[in-house]
Amino acid sequence: MTDTHTASLDQRTRALESALADRGLLPPGFVEEFTAHAEEQWVTANGARMVARAWTDGDFRERMLKDGRSAAAEMGFGMPEHHRHLVVLENTPDIHNLIVCTLCSCTAYTIIGAAPDWYKDMEYRARVVRESRTALKEMGLDLPASTEIRVWDTTADTRYMILPVQPPATQGWPADRLADIVTQASMIGTERLDGVGTPAAAKE
């Protein structure tokens, strides 16, 4: 009888690490260093700080929209060499940008954090391209029919980030307070922050 047992993810991960180490393809300490970066340095808060600064500093906003990678570096946020371009897409009341990676799950992870599980899901990757308005509605974002939706497919060397519309009720807030309201989903485009800061939002 054929053994159909499938090893757990941890078991498969350890086996892969062992195979790579045996072949000299995994430098000592690489996994630990990568994990530390992913958990402590490549976090959503980086992108949130960029968004908050763009909302409060018009000159930085223009630089960020022109060259996101340089703007990230200006704030001390590094990107891998193969992330050659960080394109920042500005949402407006009439235009809604949305990021996907139809091939796998690429994101600007050093800026907006590791891709969430739903972003990697085949259904998200397929449906937001074919029926973006319906897929977003099912995810809780019901956009008016008059809003134009633009879907951007991430590539190996070009990563994207959304600059959300600043919630009207947050005008005048300091940048550190604004950064606290920016979510990863809003920088991917599956969420808008329009109602944040309103009395209704405070009751939720």
Side-chain angles (χ1 to χ4, degrees), residues 37-38 40-102 105-116 119 128-129 132-133 136 141 143-144 146-198 201:
H37 274 79
E40 300 170 12
Q41 298 183 36
W42 301 336
V43 293
T44 300
N46 296 341
R49 287 177 56 194
M50 291 179 64
V51 168
R53 183 171 174 186
W55 283 345
T56 57
D57 180 342
D59 291 339
F60 178 78
R61 172 181 164 279
E62 292 302 318
R63 294 196 296 276
M64 188 169 83
L65 292 174
K66 184 177 181 181
D67 184 345
R69 185 182 170 100
S70 293
E74 183 179 328
M75 294 191 68
F77 304 139
M79 298 186 69
E81 187 175 347
H82 69 280
H83 293 191
R84 296 176 57 201
H85 308 288
L86 175 62
V87 178
V88 180
L89 306 158
E90 184 176 30
N91 278 351
T92 72
D94 301 317
I95 297 175
H96 186 82
N97 294 286
L98 175 66
I99 298 171
V100 66
C101 179
T102 56
S105 59
C106 293
T107 63
Y109 56 83
T110 63
I111 305 301
I112 67 172
Y119 183 89
V128 294
V129 176
S132 53
R133 193 176 303 276
L136 285 175
L141 179 57
L143 293 171
S146 58
T147 301
E148 177 186 350
I149 301 175
R150 298 176 180 175
V151 181
W152 302 81
D153 194 1
T154 305
T155 67
D157 66 355
T158 300
R159 307 297 166 117
Y160 296 100
M161 165 184 165
I162 305 299
L163 173 59
V165 176
Q166 181 176 359
T170 67
Q171 293 291 339
W173 286 16
D176 57 350
R177 187 179 178 191
L178 289 171
D180 287 341
I181 69 171
V182 180
T183 63
Q184 185 184 48
S186 71
M187 291 187 285
I188 292 176
T190 56
E191 180 183 27
R192 290 179 73 102
L193 305 172
D194 303 350
V196 175
T198 63

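Of all heavy-atom pairs spanning Pro164 and Trp55, the tightest one is O-NE1, 3.0 Å. When all heavy atoms of Val182 and Leu193 are compared, the pair lying nearest together is CA-CD1, 4.2 Å. Of all non-hydrogen atoms in Thr44 and Thr183, the two that sit nearest each other are CG2-C, 4.2 Å. When all heavy atoms are compared, the tightest approach of Cys101 to Asp153 is CA-OD1, 3.4 Å. Closest non-hydrogen pair, Ile99 versus Met187, comes out as CD1-O, 3.5 Å. Between Ile111 and Gly78, the closest heavy-atom pair is CD1-O, 4.3 Å.
In this structure, the side chains of Gln166 and Trp173 stay at 4.5 Å or more apart for every pair of heavy atoms. In this structure, Arg159 and Thr110 have side chains that are not in contact, with every pair of non-hydrogen atoms separated by 4.5 Å or more. Leu141 places a side-chain heavy atom less than 4.5 Å from the side chain of Leu143.
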List the steps and the verdict of side chain to side chain contact (heavy atoms under 4.5 Å, CB included) for Val51 and Met161. CA-CA 10 Å; Val51 168; Met161 165 184 165; 3.6 Å; yes
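Under the 3.5 Å distance criterion, the side-chain polar atoms of Thr154 are matched with a main-chain donor or acceptor of Val100. In this structure, Thr198 contributes its side chain and Gly195 its backbone to a donor-acceptor pair below 3.5 Å. Side-chain atoms of Thr56 come within 3.5 Å of backbone N or O of Arg53 as a donor-acceptor pair. Between the side chain of Arg192 and the backbone N or O of Gly189, no donor-acceptor pair lies under 3.5 Å. Under the 3.5 Å distance criterion, the side-chain polar atoms of Asn91 are left unmatched by any main-chain donor or acceptor of Ile162. For the pair Arg84 (side chain) and Ala156 (backbone), a donor-acceptor distance under 3.5 Å is absent.
The distance from the CZ atom of Arg133 to the OG1 atom of Thr147 is 6.5 Å, given to the nearest 0.5 Å. For the atom pair CZ (Phe77) and CZ (Arg49), the distance works out to 4.0 Å, reported to the nearest 0.5 Å. Taking OH of Tyr160 as the start and SG of Cys106 as the end, the distance is 11.5 Å to the nearest 0.5 Å. Distance check: His83 NE2 to Thr107 OG1 gives 7.5 Å after rounding to the nearest 0.5 Å.
Within 6.0 Å of CD on Glu148 lie more than 12 heavy atoms contributed by other residues, nucleotides or ligands. The 12-atom threshold is not exceeded at CH2 of Trp152, counting heavy atoms of other residues, nucleotides or ligands nearer than 6.0 Å.
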Cut-off 3.5 Å, no hydrogens considered: what does the side-chain donor-acceptor table look like for residues 60-67, sequence neighbours left out?
| residue | atom | partner | partner atom | Å |
| --- | --- | --- | --- | --- |
| Arg61 | NE | Glu90 | OE2 | 3.0 |
| Arg61 | NH2 | Glu90 | OE1 | 3.0 |
| Arg61 | NH2 | Glu90 | OE2 | 2.7 |
| Arg63 | NE | Glu74 | OE1 | 3.1 |
| Arg63 | NH2 | Glu74 | OE2 | 2.6 |
| Asp67 | OD1 | Arg69 | N | 3.3 |
| Asp67 | OD1 | Ser70 | N | 3.1 |
| Asp67 | OD2 | Ser70 | OG | 2.8 |

